[in-house]
Asker: 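Dumping the structure here so I can ask a few things about it.
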Amino acid sequence: MRRSLLLAAALLAGAASAETVVKLNGFAGADVAIVNDLLNKIVNPALAKEGIKAVFEPFQGDFNAALTNALSSGTAGDLMYIDIFVAPGFIKTGKLLPLNGKVNTRPFLPTLVKAFTDSGKVYAVAKDFNSLAITYNKDLFDEADVPYPNENDTWSTFADKLRKVKKALGNDYYGICLPADFARFGAFAFATGWKTFDTKGNSNLLDPRFKEAFNFYTGLVKDKTAILPSDLSQGWSGGCFGGGKVAAAIEGAWISGFLRDNAPNLKYGTAPLPRNDKTKKRGNFIYTVGWAVNKESKNQAAALKVLDLLTSEKTQQFILTEGLAIPSRTSLQSNAYFNKTTQEAVNAKVVFQGASDGYVYGYSFKQYGGDWMTPVNAALQAVMSGKSTTDEALKKAQADLNSVMKR
């Protein structure tokens with residue numbers, strides 16, 4: 001009897017030690033419940049027979065700083081979030097495992113794969129993403145008797161609609177809320193064919209194409225068709241829009257959740273960003289976070305299986321139908337959810353399509369990070385507040401940016 005018990009205990013101990021625990025590092029906050037839900041419902045049941053268990057270990061506070069420290073000290077998880085905004089810096093550390101030949105990236109949107117590619121090597125798989133779209137207040141357009149923004153709009157027709165709404169509704173209302181931020185303005189610069197970096201890695205803010213977009217964007221504020229979020233005591237254009245005094249905003253799918261919670265009675269529609277009048281193209285940003293594998297992980301094979309499940313069609317279907325994010329797989333573009341007529345589903349469909357329509361670039365600025373945007377944002381603010389002319393502001397921005405890029 002005693003021998004049998006010892007044998008059973010030994011077997012149990014052996015089974016426990018055979019389990020491979022894959023640790024995942026990600027954001028704290030709302031992501032904790034989402035990721036744990038995915039692990040409990042999809043990932044861990046699928047890998048139980050293989051003795052693999054995934055555990056989510058979020059970093060509190062500044063995620064990127066915490067991840068940097070964890071990678072340096074050798075305490076990082078086997079899998080981790082990598083934000084496109086900081087991906088170039090993390091890739092250059094050499095701490096991320098190249099995924100070529102280990103993960104099939106063909107099912108994913110090409111722009112998302114490119115966002116995590118450096119020198120031909122892929123370092124992360126986008127778990128979901130966002131792009132930008134026009135969100136418009138149906139009641140305000142109806143009251144002004146102006147057609148809604150639509151997929152055929154150019155910059156000219158879109159601006160004309162906004163001006164007509166403003167004129168019809170009076171001084172308490174505005175056509176659109178525009179922040180002095182490259183995170184929104186950049187999409188218009190891209191639509192002209194301008195690129196953040198040329199083939200030599202330089203940035204030219206004095207390019208006529210950049211200036212064309214700059215004048216269009218700031219011009220809407222200068223003629224009072226648009227208003228800055230701060231002028232309505234808001235921190236972002238979604239906050240302006242939710243207040244009901246602004247006819248349109250440029251945001252991603254995240255605005256749906258905000259409006260559902262903060263302006264549940266607001267009737268809104270979604271349209272693609274307007275096309276540039278000359279190029280006939282739209283511009284757009286990709287905002288995304290990918291799953292990357294720790295190059296020093298001792299559980300790489302298991303981590304790759306977890307990554308595969310976390311970015312699987314089943315997982316992304318769950319995320320999409322729960323209204324959490326936009327899937328990164330092209331196969332889900334024809335998903336039945338996108339055929340629904342709810343304002344949230346329509347918004348999600350337009351944002352999904354925005355990732356592959358026109359000149360689309362990742363929200364990333366090489367090793368310069370957010371410092372790259374600072375001179376541009378200052379120029380936008382200076383002109384939109386009437387403190388500088390376009391030529392003066394862009395000349396100063398170029399000089400300041402040159403200094404940033406020489407550091």
Side-chain angles (χ1 to χ4, degrees), residues 29-30 61-62 85 130 132-144 146 148-149 158-159 161-188 213-271 273 285 287 343-344 347 351 363 370 373-390 393 397:
D62 188 332
F85 191 63
N130 257 288
L132 296 174
I134 301 295
T135 306
Y136 57 89
N137 185 318
K138 289 185 174 180
D139 285 340
L140 294 188
F141 275 88
D142 288 343
E143 187 175 344
V146 175
Y148 296 149
F158 178 61
K161 290 177 180 178
L162 297 180
R163 292 189 178 103
K164 286 180 176 176
V165 170
K166 167 69 177 176
K167 183 177 180 180
L169 301 184
N171 293 334
D172 290 338
Y173 292 85
Y174 295 89
I176 192 168
C177 187
L178 295 178
D181 194 341
F182 188 78
R184 300 293 177 273
F185 158 70
F188 290 88
F214 194 92
N215 281 332
F216 171 77
Y217 192 88
T218 59
L220 290 171
V221 175
K222 290 164 69 175
D223 73 9
K224 301 188 184 305
T225 300
I227 188 169
L228 288 158
S230 57
D231 289 337
L232 288 178
S233 301
Q234 295 292 334
W236 66 303
S237 59
C240 297
F241 186 79
K245 298 290 186 180
V246 174
I250 300 172
E251 294 294 342
W254 53 76
I255 197 171
S256 289
F258 172 80
L259 294 175
R260 182 180 58 221
D261 296 336
N262 296 278
N265 297 320
L266 193 152
K267 297 177 182 177
Y268 68 90
T270 307
L273 294 180
F285 275 114
Y287 308 89
Q343 49 195 21
E344 291 86 359
N347 179 275
V351 170
Y363 186 59
M373 294 192 295
T374 301
V376 180
N377 293 348
L380 289 167
Q381 181 67 43
V383 174
M384 293 164 91
S385 62
K387 296 179 180 178
S388 179
T389 66
T390 293

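Fair warning: this is a prediction, and the values are worked out from it, not measured in the lab. Just so you know, residue 1 is the first one in the sequence shown, and it goes up from there.
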Asker: Which pair of heavy atoms, one from Lys164 and one from Val146, lies closest together, and at what distance?
Answerer: CB-CG2, 3.7 Å

Asker: With distance as the sole test, does Glu344 use its side chain to make a donor-acceptor pair with the main-chain N or O of Ser256 at under 3.5 Å?
Answerer: no

Asker: For Tyr174, is the NZ or CZ atom of Lys166 found under 6.0 angstrom from the centre of its six-membered ring and inside 45 degrees of the ring axis?
Answerer: yes

Asker: Can you tell me how far the OG atom of Ser230 sits from the CD atom of Gln381, to the nearest 0.5 Å?
Answerer: 6.0 Å

Asker: Quickly, which of Phe241, Tyr136, Phe158 forms a side-chain contact (heavy atoms from CB on, under 4.5 Å) with Ile176? Name it, please.
Answerer: Phe158

Asker: Would Val246 and Asn137 satisfy side chain to side chain contact (heavy atoms under 4.5 Å, CB included), going step by step from the backbone distance to the final call?
Answerer: CA-CA 8 Å; Val246 174; Asn137 185 318; over 6 Å; no

Asker: For the residue pair Thr218 and Leu380, what are the closest heavy atoms and their distance?
Answerer: CG2-CD2, 3.9 Å

Asker: Quick check: do Arg163 and Asp223 have side-chain heavy atoms less than 4.5 Å from each other?
Answerer: yes

Asker: Mark yes when over 12 heavy atoms from residues, nucleotides or ligands other than Asn171 sit less than 6.0 Å from its CG; otherwise mark no.
Answerer: no

Asker: Taking Ala253's backbone N and O only, do any of them form a donor-acceptor pair with Asn130's side chain (distance below 3.5 Å, no angle check)?
Answerer: yes

Asker: So, taking the atom named CZ in Phe285 and the one named CD1 in Ile250, what distance separates them when rounded to the nearest 0.5 Å?
Answerer: 11.0 Å

Asker: How close do Ala397 and Ala379 get, counting heavy atoms only, and between which atoms?
Answerer: CB-CB, 3.9 Å

Asker: Decide yes or no for Leu273 and Ile134: does some side-chain heavy atom of the first lie under 4.5 Å from some side-chain heavy atom of the second?
Answerer: yes

Asker: In Å, rounded to the nearest 0.5 Å, how long is the span from CE of Met384 to CG of Leu220?
Answerer: 8.5 Å

Asker: Please report the shortest heavy-atom distance between Pro179 and Pro229, naming the atom on each side.
Answerer: CA-CD, 3.7 Å

Asker: Measure across Ser388 and Ala393 and return the closest heavy-atom pair with its distance rounded to 0.1 Å.
Answerer: OG-N, 3.3 Å

Asker: Rounded to the nearest 0.5 Å, what separates atom CG in Leu140 from atom OH in Tyr148?
Answerer: 10.0 Å

Asker: Checking Asp181 side chain against Asn377 main chain: does a donor-acceptor pair fall under 3.5 Å?
Answerer: no

Asker: Looking only at non-hydrogen atoms, find the nearest pair between Gly252 and Leu132 and report the distance.
Answerer: N-CD2, 4.1 Å

Asker: In Å, rounded to the nearest 0.5 Å, how long is the span from CD1 of Ile255 to OG1 of Thr270?
Answerer: 8.5 Å

Asker: What I'd like to find out is whether the side chain of Arg184 reaches to under 4.5 Å of the side chain of Leu178, using heavy atoms alone.
Answerer: no

Asker: Would you give the length of the straight line joining atom CG of Asn265 to atom CG of Leu259, rounded to the nearest 0.5 angstrom?
Answerer: 11.5 Å

Asker: What residues form a ring-ring contact (aromatic ring centres under 6.0 Å, His included) with Phe214, not counting sequence neighbours?
Answerer: Phe185

